[in-house]
Amino acid sequence: MSKYRSVRGMVDIFPEDSRHWQFLENTVAETLASYGYGEVRLPIVEYTELFTRGIGKATDIVEKEMYTFDDRNAESLSLRPEGTAGCVRAAIQAGVLNTPQRYWYAGPMFRYERPQKGRQRQFHQIGAEAFGVASPDMDAELILMSARLWRRLGIAQGVELQINSIGSSESRSRYRSALVEYLNQYVDQLDEDSQRRLQSNPLRILDSKNAGTQALLENAPDMSEFLDAESADDFSILCALLTAAGVAYTVNTRLVRGLDYYNKTVFEWVTTRLGAQGTICAGGRYDGLVKQLGGRDTPGVGFAMGMERLVLLLAEMGSMDMSSAPVADVYVVAVGDDAYKVALSTVESLRSEMPRCRLVQHTGGGSFKSQMKKADKSGAQVALIWGEDEVSAGTVTVKPMRVEKESGERLAQQSCLLPELPAVLSAALTID
RNA sequence: GUGGCCGUAGCUCAUCAGGUAGAGCCCCGGAUUGUGACUCCGGAGGUGGCGGGUUCAAGACCCGUCGGCCACCCCA
């Protein structure tokens, strides 16, 4: 155990894993771009008040999970616990909300929570936000976009879409009263957490994992019956659009979201394959947030997906080759100072001619044998070998390192003159 | 914040009535002088998370603490 460790819940990602992240990030970026979403790069730190106002003062996130500290001028700052508030703030500040906008962002978020599978203190999200369109076709677009993404990532079979409408804040508050009134009759039968939530956040009782509580909820008032007309209409339009587009979904009237800014449509993509933290992507509409944060009243919808969870799911579903990838295509062996010099300049010009080829030159000296061992370990298809003989003859030895023919037959090494090298090397690398 | 399980070489793990630790993998070197993979030989590497306690003696027992995993909570 070394003296210095990463902060609890904050992990390092090495090449063996980061290549999976790159695949995921590239796929997401391409997909979002194909719908006309543009990337915004936002600060990781914001004034604390942005989050307390935006996310809600009573939520667990701002109440006990934020990394909050004073700047040197005594202003309270916080590491962002989610991306929407900052994105909205940025859009207002930039004055771009006079017309509809589609944005996406990616990066680390911070929440002081107990780490477990699929949950870290520093985690990463990619989020998409659409501003300025109040109609449910925008909700549908975001959901279709995410559905397409799961298909492209090869995880569509492992995820399920749940949707709900939580209505306007007025209808929600009517429903909340009805729910509280109902549950108050059975307070003593509720689990401890739910008894607490009855005071703090009654709607949260709906997705309690407690079986007894869920049984009580069987006969509880149904949120859908309390929806205002507009929310109900929009929701049925959304459902119709999803059906027309062939996106399967489950209406879950118990689905509520944790952040205060949501209204009307909410949705979650969930999986049963990741243990307790099964939500890989979630979002909804937040029509009041822009105004709440000081902008002109502008509707918004968005979602955020958890990168760690997606990487886990990708691995779980075998959608990605998780075996370790070679670090090199070509490994360059050179023994002796003269050989090293010739190799160095030759390989530099090779890189100019073959920019996509990964040419790793051996460093640190050593015998032919030890250098060859490194060549083997690197996973390279070909070793280029320079020694005294090659230098004096003006040649280089091209040695195929792996079985490359269907027959399993090995290719013999050959030597070639330096001007021939690009052609010979290309040929050696393209035999598959 | 709560609970369960866990913490021995870089990695995966073992050992023992409590008597001052071992394997496999990895790494390094070698097996006829310039060449990897298989095999063989040799080598390096551990204050047994940390701190207390019990004991003649603790990695093994007890307490604390830190860390990890999973779950609750919460949420992406």
Side-chain angles (χ1 to χ4, degrees), chain A residues 1-9 11 55 59-66 80-84 106-128 146 159 191-194 196-197 200-201 204 207-210 255-259 267-271 274-284 302-313 331 333-336 339 362 364 366-391 397-403 410 412-413 415:
Chain A
M1 301 301 141
S2 56
K3 179 176 175 183
Y4 294 107
R5 316 185 88 262
S6 63
V7 173
R8 179 169 210 199
V11 309
I55 300 170
T59 60
D60 277 23
I61 291 180
V62 314
E63 209 169 75
K64 46 193 184 193
E65 295 178 0
M66 281 213 293
R80 62 182 184 194
E82 60 98 49
T84 300
M109 307 293 164
F110 301 83
R111 305 214 289 231
Y112 188 88
E113 298 182 277
R114 200 73 172 257
Q116 73 182 75
K117 188 180 176 73
R119 192 174 76 182
Q120 296 168 187
R121 290 183 175 180
Q122 175 177 333
F123 61 105
H124 299 77
Q125 291 186 335
I126 294 183
S146 52
V159 298
D191 63 280
E192 204 176 317
D193 284 320
S194 293
R196 176 174 50 75
R197 283 183 286 223
S200 61
N201 194 348
R204 277 261 147 219
D207 55 16
S208 167
K209 288 180 183 173
N210 184 280
L255 179 65
V256 292
R257 313 254 39 257
L259 285 52
F267 63 93
E268 280 189 13
W269 288 95
V270 297
T271 179
L274 294 184
Q277 306 300 324
T279 303
I280 57 157
C281 174
F303 65 70
M305 60 190 101
M307 305 296 284
E308 282 81 3
R309 292 179 187 178
L310 284 168
V311 170
L312 284 173
L313 187 57
Y331 197 91
V333 168
V335 177
H362 181 84
S367 63
F368 277 96
K369 189 187 185 78
S370 64
Q371 294 196 28
M372 286 306 297
K373 282 192 176 186
K374 291 287 198 277
D376 185 51
K377 295 270 162 51
S378 77
Q381 294 293 304
V382 171
L384 294 183
I385 303 169
W386 271 278
E388 277 182 32
D389 298 350
E390 285 83 355
V391 172
T397 298
V398 179
K399 173 165 179 159
M401 295 295 285
R402 317 191 103 68
V403 176
R410 293 193 197 154
Q413 68 180 46
S415 70

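Chain identifiers are assigned alphabetically (A, B, ...) following the order of the sequence lines, protein sequences preceding nucleic acid strands; residue numbering begins at 1 within each chain.
Between the C1' atom of B:rU35 and the NZ atom of A:K377 lies a distance of 14 Å, rounded to the nearest Å. Atom pair A:E192:CD and B:rG3:C1' shows a separation of 13 Å (rounding to whole Å applied). Straight-line distance from the CE atom of A:M372 to the C1' atom of B:rU35: 5 Å, rounded to whole Å.
A:E268 places a side-chain heavy atom less than 4.5 Å from the side chain of A:R257. For the pair A:V398/A:S415, no side-chain contact is recorded, criterion being any heavy-atom separation below 4.5 Å from C-beta on. Side-chain contact between A:M109 and A:R121: absent, with no pair of heavy atoms (C-beta onward) separated by less than 4.5 Å.
Note: A:L274 CG to A:L312 CG = 5.5 Å, rounded to the nearest 0.5 Å.
Rounded to whole Å, the separation between the C1' atoms of B:rA14 and B:rA31 comes to 31 Å. Separation of the C1' atoms belonging to B:rG45 and B:rC26 is 11 Å when rounded to the nearest angstrom. Spacing of P atoms, B:rG24 relative to B:rC38, comes out at 16 Å, to the nearest Å. Rounded to a whole angstrom, the distance from the P atom of B:rC66 to that of B:rU47 is 23 Å. Between B:rU12 and B:rC70, the distance separating the two P atoms is 14 Å to the nearest Å. A distance of about 22 Å separates the C1' atoms of B:rC74 and B:rC5, rounded to the whole Å. B:rG22 and B:rA9 have their P atoms separated by 14 Å, given to the nearest Å. B:rU15 and B:rG7 have their P atoms separated by 12 Å, given to the nearest Å.
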Between A:M307 and A:F123, does a side chain to side chain contact (heavy atoms under 4.5 Å, CB included) hold up when you go through it step by step? CA-CA 8 Å; A:M307 305 296 284; A:F123 61 105; over 6 Å; no
Decide yes or no on side chain to side chain contact (heavy atoms under 4.5 Å, CB included) for A:L313 and A:V159, but give the supporting numbers first. CA-CA 9 Å; A:L313 187 57; A:V159 298; 3.7 Å; yes
Go through it in stages, so that I can follow the logic: the residues are A:K399 and A:V382, the test is side chain to side chain contact (heavy atoms under 4.5 Å, CB included), and I'd like the CA-CA distance, side-chain angles, deciding distance and then a yes or no. CA-CA 6 Å; A:K399 173 165 179 159; A:V382 171; 5.9 Å; no
May I have the step-by-step check of side chain to side chain contact (heavy atoms under 4.5 Å, CB included) for A:V335 and A:E388, ending in yes or no? CA-CA 8 Å; A:V335 177; A:E388 277 182 32; over 6 Å; no
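RNA chain B forms stems at B:1-7 with B:66-72, B:10-13 with B:22-25, B:27-31 with B:39-43, B:49-53 with B:61-65, each a run of 3 or more consecutive Watson-Crick or G-U wobble pairs whose two key distances fall under 3.5 Å.
In this structure A:S370 satisfies the side-chain contact (heavy atoms from CB on, under 4.5 Å) test together with A:S367, sequence neighbours excluded. The side-chain contact (heavy atoms from CB on, under 4.5 Å) search around A:Q116 returns A:R119, A:A276, A:Q277, not counting sequence neighbours.
Donor-acceptor pairing under 3.5 Å, judged by distance alone, is absent between the side chain of A:Q371 and the base of B:rU35.
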Measure all distances between protein nitrogen or oxygen atoms and nitrogen or oxygen atoms of nucleotides 29-33 of chain B, and list the pairs falling under 3.5 Å.
none

Close N or O pairs between protein and nucleotides 39-45 of chain B (under 3.5 Å):
none

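Between the side chains of A:W269 and A:S146, at least one donor N or O lies within less than 3.5 Å of an accepting N or O.
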Could you run through nucleotides 70-76 of chain B and give me one letter per nucleotide, 5' to 3': B if any protein heavy atom sits under 4.0 Å from the base, S if only the sugar-phosphate is that close, - if neither? SBBBBBB
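Classification of A:D376 and A:K373 as a salt-bridged pair fails, no side-chain N sitting under 4.0 Å from a carboxylate O.
No donor-acceptor pair under 3.5 Å is formed between the side chain of A:R111 and the backbone N or O of A:E65. Formation of a donor-acceptor pair under 3.5 Å by the A:Q120 side chain with backbone atoms of A:Q122 is found in this model.
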